[in-house]
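To start, the structure itself, in structure tokens.
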Number of protein chains: 4
Amino acid sequence: MTTFGSITAQLTEQAIELPSWAFGNSGTRFKVFSTPGTPRTIQEKIADAAQVHDYTGLAPKVALHIPWDKVDDYSALRDFAGERGLALGTVNSNTFQDDAYKFGSLTHTDAAVRQKAIDHHFECIEIMHATGSADLKIWLADGTNYPGQGDIRGRQDRLADSLGAIYTRLGENQRLVLEYKFFEPAFYHTDVPDWGTSYAQVAALGDRALVCLDTGHHAPGTNIEFIVAQLLRLGKLGSFDFNSRFYADDDLIVGAADPFQLFRILYEVIRGGGFGPDSTVAFMLDQCHNVEDKIPGQIRSVLNVQEMTARALLVDREALTAAQESGDVLGANGLLMDAFYTDVRPALAAWRESRGLAADPMAAYAASGYQQQIAADRVGGTQAGWGA
Amino acid sequence: MTTFGSITAQLTEQAIELPSWAFGNSGTRFKVFSTPGTPRTIQEKIADAAQVHDYTGLAPKVALHIPWDKVDDYSALRDFAGERGLALGTVNSNTFQDDAYKFGSLTHTDAAVRQKAIDHHFECIEIMHATGSADLKIWLADGTNYPGQGDIRGRQDRLADSLGAIYTRLGENQRLVLEYKFFEPAFYHTDVPDWGTSYAQVAALGDRALVCLDTGHHAPGTNIEFIVAQLLRLGKLGSFDFNSRFYADDDLIVGAADPFQLFRILYEVIRGGGFGPDSTVAFMLDQCHNVEDKIPGQIRSVLNVQEMTARALLVDREALTAAQESGDVLGANGLLMDAFYTDVRPALAAWRESRGLAADPMAAYAASGYQQQIAADRVGGTQAGWGA
Amino acid sequence: MTTFGSITAQLTEQAIELPSWAFGNSGTRFKVFSTPGTPRTIQEKIADAAQVHDYTGLAPKVALHIPWDKVDDYSALRDFAGERGLALGTVNSNTFQDDAYKFGSLTHTDAAVRQKAIDHHFECIEIMHATGSADLKIWLADGTNYPGQGDIRGRQDRLADSLGAIYTRLGENQRLVLEYKFFEPAFYHTDVPDWGTSYAQVAALGDRALVCLDTGHHAPGTNIEFIVAQLLRLGKLGSFDFNSRFYADDDLIVGAADPFQLFRILYEVIRGGGFGPDSTVAFMLDQCHNVEDKIPGQIRSVLNVQEMTARALLVDREALTAAQESGDVLGANGLLMDAFYTDVRPALAAWRESRGLAADPMAAYAASGYQQQIAADRVGGTQAGWGA
Amino acid sequence: MTTFGSITAQLTEQAIELPSWAFGNSGTRFKVFSTPGTPRTIQEKIADAAQVHDYTGLAPKVALHIPWDKVDDYSALRDFAGERGLALGTVNSNTFQDDAYKFGSLTHTDAAVRQKAIDHHFECIEIMHATGSADLKIWLADGTNYPGQGDIRGRQDRLADSLGAIYTRLGENQRLVLEYKFFEPAFYHTDVPDWGTSYAQVAALGDRALVCLDTGHHAPGTNIEFIVAQLLRLGKLGSFDFNSRFYADDDLIVGAADPFQLFRILYEVIRGGGFGPDSTVAFMLDQCHNVEDKIPGQIRSVLNVQEMTARALLVDREALTAAQESGDVLGANGLLMDAFYTDVRPALAAWRESRGLAADPMAAYAASGYQQQIAADRVGGTQAGWGA
């Protein structure tokens, strides 16, 4: 097997974007639990995100969600983040919380509603210019709940038109990434339900339109690493939204539900050229810490990605190819499992320490008193959540 | 095939409980859309429910949800409903919206939290005495999001203890029905995930503890009519929560997603003795009208149940048995499909009219002006929703 | 609603291909039951298929499977079919029953195995020239059972190369349709698991390469009619393999498991221009009659498709569009359901009779004595099955 | 965390039954690949099983399948196995490969067919007396493919009667374990589809009737460890059939598809008292080595179970309980993951060596030449498979 020493250079390149909304409250349709210390502003979210990066060295960017993170002065926000060692990352649009979008946004039959949704994306692009963000991420909640409610085909055509208008507005160094989702909040059909649809739509737009793969947005049993391999092959994998799931879009901590699946995904990322300095694939978390603490939840998450990346890098690819080509099923599988079962945590702790980071980021954060401090400080105001 | 004339007596016996919360706002974790005319009080919910019964003759009861429908004087509420031709039905408890229940209610490791949840059920039983309700329905949101978060086995034992305490408090003519749910709001495990668990728990309690089957609470591919047949065979089918789903617990209009499944379920209900004057099975809706109008949504729902019941009653059971016993697969299947494909709507319309009801309840309600009236009248106040 | 009279001209255009293998024995890995009268030769299969067409007027073509239906003289076979009122349809290749393909065929790492599989398709193309078949259908069993067993990405690239070689060999009026399948016989990954993969592969080949949609080859919960609409929109829906399923690739009679789904699929076919004289979409059955009689199983199947097509044609599309555009969720859904719930069987029986066909094809076939005749005649020999 | 040294005594107690059929050929409905060296007789299967035990010390029993493993003299077979260090284990009945069972066996409407199936189980019980087997395992293929084909409720009642007849015949120290399966080979309904049905049926029989849990027989998303915990709590977990799956009943090597799930299952086994000298739970493999070598496939499987058992034993249960009770979600989850991520393989290798076993059983078997020897020796005859 490959040695740990030989992969540290690659590990150094790893960077994972944190979603600003992971630091706010979230929950289910049944209940959103609030917790002491939850940020009230995007600045407080960024301060929390900085904690994650301080302890792990893995999370140098924070993704924004508009309008939840709207501010008057995005340059100031960029500076604010910069002072804390962070850059502002992907800008996420929102077309699911305005009453106008009850029956669709970019797909709506009413041209005025579509234009409203397009204009919102124009605004996001403006923000991107100010924040220096490279990616505009579009997740559409558009869909229907009942057969017949909408014209599936017509909606697809309108989606293509709307995306075209948005794409044209992108700056030269900006990209559009289109997320797909199997279901929810729509229950009969969603307008971008699978990678095929996202791929067909972005392929029609141009080179700077790509697919965003959210690991929680698939049908039961879907082989996600296959999609990763395919999109890399087609040159259309733009970014990841990492999380994990047992059932639906559970938005649990990445790697928590099926660590072996995360390993396989990262192996295909690496094998397909999606990792490292020559790759433009963006890695982001998209999670909900409904019952666990948010900052350590994010720390745990980026560590999970790092640990699995290390394991995936350890695969002896030369030996694996030989086993595959000789039809040695158990041998090939064994080579993959060898890497997966390797406990990389001690080596990572030592390496982390050698770089001036905490050997055990979870313990170091817990010992820092930050959580108690924000719980004491952040009194009054409205805790951030999905509402805005 | 059986003739329509021969089944009308049985149709007359049909009664479906409406959930009070179906008339309030509901939605997903992403958005709850509000609509003009939404009730602000339980009295307004009852008034709306009365509309459904007035046009269909199918919905003589309204189920309550505590604390959402708490009032000072339940006798007065009972009278209020009675004046509108309705009785108060199943009382539904709620142990998922209090901060104390973040890590469980009846299953919590902390005895004080368990007692709080037990006391809530004692309160519900008191309300049942005042409202004349027969059934206490328990749906537990208890569960965990991460492996290791809770002790699955210990929680089950505590659940048994808590249910025992509640069961003992029931009045002589009262029943406890325990609902099961595959997942949501918990994402790793739920404490009552399947009919087997609900059955094992209620069997340990006694004769007046039964299973509640919510048609939307199963794993993909589950044969629900089999569970219906099994629970009737075991004498433990207490009640239904009707709705339909494409993916998870979508809570769509019953029969909307898979009408043939609803037909098969009702066929097993009838075949197993769960329908008619000798049965104690309670039929309830449990739905969310997120994007459609609520009152016509409920009208559509009870009509769907009625239409499928009529089709299921039309099955020529004698011929079916003969085909089954002779190994005539296509013949047996054909007999079932004959009934399913029969368009019972004209006969039902005529029969409805003969009983002084609207031939077309959807059209009659739309023409009545009620929707416009409540939209105009119900100004101010807080629209009812899941929050309370 | 549209009247039945106005759709009969469209119904006249309907033609469904029957798979030759549906008349042979099939089963599961646990058991293949044999039945008296099962064909021993392709000629006997064709004779049986002619029965289906004789009683329904719906099935003028028989699809072949190579090598199961290999003969020395395909022109003679074509004449044989022609004399029975049938044409020979799609040619289906087979790269899953030769020991050489244990680890792949068109995707194999060994160039010699790939060439063998390519040559098999060349042979199929030769057969197509002789039979007058238009479509070469490729369903690949290629895949792996264990993570690491194969190089997912490399296999995809080799697949593209192999398909390119085959495509180049096609005659001018011939098409290649590439089927996808979620799983089975491979259990970890399949090389063409979803419509997106099939689409990406055929798009790279050219205009005469299209996607084949088998209704049983999707993940649980997949909205198949959406895929239909999307592929029609992209101009890449080549053909259907009709069947139905409750769980996996059950290959049950089309419409048997979820009739409403079949209706929705056919509605999108019609709405998207996939039905009628201007469409090139091919409609085929692909089923296994494991426990039911095969000929009446096929009759039942084509009738199911016809009945659902009639219902789908009855949808009042103008009214539906109006309801959709006005946000009338229940109204729009109601318009669709009105058509679905209409019992078209009496009108179809009358119309069938007016065309000189059996009013009740199932009864007419049963009364014909054909089944008894073949049971008596077909003694000795080897009953056809999947083995060859 | 618990130390490895403290768990070795428990590991010593581990014993896993091997299924005789795992050494024969298996496959899918599409193809069964044969391999050189495949056993032709039950004696050769036992010889192969002895290899697995020789290298691992984990597999002292071989389960039989009747009629596949029928012999004239079971005492002699018992001696044959004993000479190779093995005992004969669970006897598995077969009511799915006789034409009489096309429409059911223990559930059939025809009393003569039911009696035939009951008699087959009587024969199995006789064999158990001769072989010294403790468990009679019943997996029923009974079910239907089409709605209406059978009377679901009536079949359940007949099943109860048939099982009662079989149960009565059991010897004093014999047990009946009833397996459940979600689907396949039946596609609409199976007569024992879930643990609830198996539990209800065996609970009606008596103390020596228990549930068999096959890890591959559940709906997508099912939390299997919950079922383990529940059945142990109810005192009704009789045995395991271990394997793994991505989609349906894939019968892959246990732990291959989702190692973390296997860990969670074994953790609940241990926590619930199902492991060790005081437990009567039987652990068996039930797998199909369709494309990989069979003997090393079995070696890999028992090692997977051992490695995951070791990890599960390493969980610091005291600390876990404390974290659970304090609501420390991330802490509790972290304690579980710590054990899962621990690489126990070096310690197990050393411990194995200390007991005179191969440090690396896979390598030792490969180096032994046994595979080459049987490939050379076993020429002619009929390779064992599912056919007999």
Side-chain angles (χ1 to χ4, degrees), chain B residues 33 35 219-223 226 244-248 250 252-253 255-264 289-301 303-304 307-308 311 327-334 336-348 360 362-363 365-366, chain C residues 33 35 219-223 226 244-248 250 252-253 255-264 289-301 303-304 307-308 311 327-334 336-348 360 362-363 365-366:
Chain B
F33 291 99
T35 39
T222 301
N223 185 322
F226 178 89
S244 75
R245 64 188 283 275
F246 287 97
Y247 304 97
D250 306 344
L252 301 178
I253 288 174
D258 186 348
F260 183 43
Q261 183 187 57
L262 177 59
F263 168 79
R264 299 193 310 264
H289 303 298
N290 295 352
V291 296
E292 68 276 19
D293 287 336
K294 293 151 187 28
I295 297 170
Q298 291 281 292
I299 293 175
R300 178 73 274 156
S301 302
L303 292 176
N304 281 357
E307 290 174 15
M308 281 304 165
R311 286 180 177 91
D328 180 4
V329 177
L330 292 169
N333 177 246
L336 204 72
M337 301 313 294
D338 272 351
F340 175 67
Y341 284 134
T342 300
D343 191 349
V344 296
R345 296 175 303 167
L348 279 170
D360 181 343
M362 292 291 283
Y365 172 76
Chain C
F33 292 100
T35 39
T222 301
N223 185 322
F226 177 88
S244 76
R245 64 186 283 274
F246 287 97
Y247 304 97
D250 305 344
L252 301 178
I253 289 174
D258 186 349
F260 183 44
Q261 183 185 57
L262 178 58
F263 167 79
R264 300 193 310 263
H289 303 299
N290 296 351
V291 296
E292 70 274 20
D293 288 336
K294 294 152 187 23
I295 298 171
Q298 292 282 293
I299 293 174
R300 178 72 274 156
S301 302
L303 292 177
N304 281 357
E307 292 173 16
M308 281 303 166
R311 287 181 177 90
D328 180 4
V329 177
L330 291 169
N333 177 246
L336 203 72
M337 300 315 291
D338 272 352
F340 175 68
Y341 283 134
T342 299
D343 190 350
V344 296
R345 295 174 304 167
L348 280 170
D360 181 343
M362 292 291 282
Y365 172 76

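So you know, we letter chains A, B, ... as the sequences are listed, proteins then strands, and number each from 1.
Within the 4.5 angstrom heavy-atom criterion, only side-chain atoms of B/Arg264, from C-beta onward, approach chain C. Of the atoms belonging to B/Pro220, it is side-chain heavy atoms, and not backbone ones, that fall under 4.5 Å from chain C. Within the 4.5 angstrom heavy-atom criterion, only backbone atoms of B/Ala256 (N, CA, C, O) approach chain C.
Chain B forms more heavy-atom pairs under 4.5 Å with one residue of C/Asp338, C/Ile253, C/Val344 than with any other, namely C/Asp338. With chain B as the partner, the residue from C/Arg311, C/Glu307, C/Met362 showing the most heavy-atom pairs under 4.5 Å is C/Arg311.
Listed here is the closest heavy atom pair of B/Glu292 and C/Leu330: CB-CG, 3.8 Å. Closest heavy-atom contact between C/Tyr247 and B/Asn223: OH-CB, 4.0 Å. Counting all heavy atoms, side chain and backbone alike, B/Met337 lies closest to C/Pro259 at CE-CG, 4.2 Å. For C/Val329 against B/Val291, the heavy-atom pair with the smallest separation is CG2-O, 3.6 Å.
At a threshold of 4.5 Å between non-hydrogen side-chain atoms, the residues B/Gln261 and C/Phe260 do not count as touching. Residues B/Thr342 and C/Arg345 are in side-chain contact: their nearest non-hydrogen atoms beyond the backbone lie under 4.5 Å apart.
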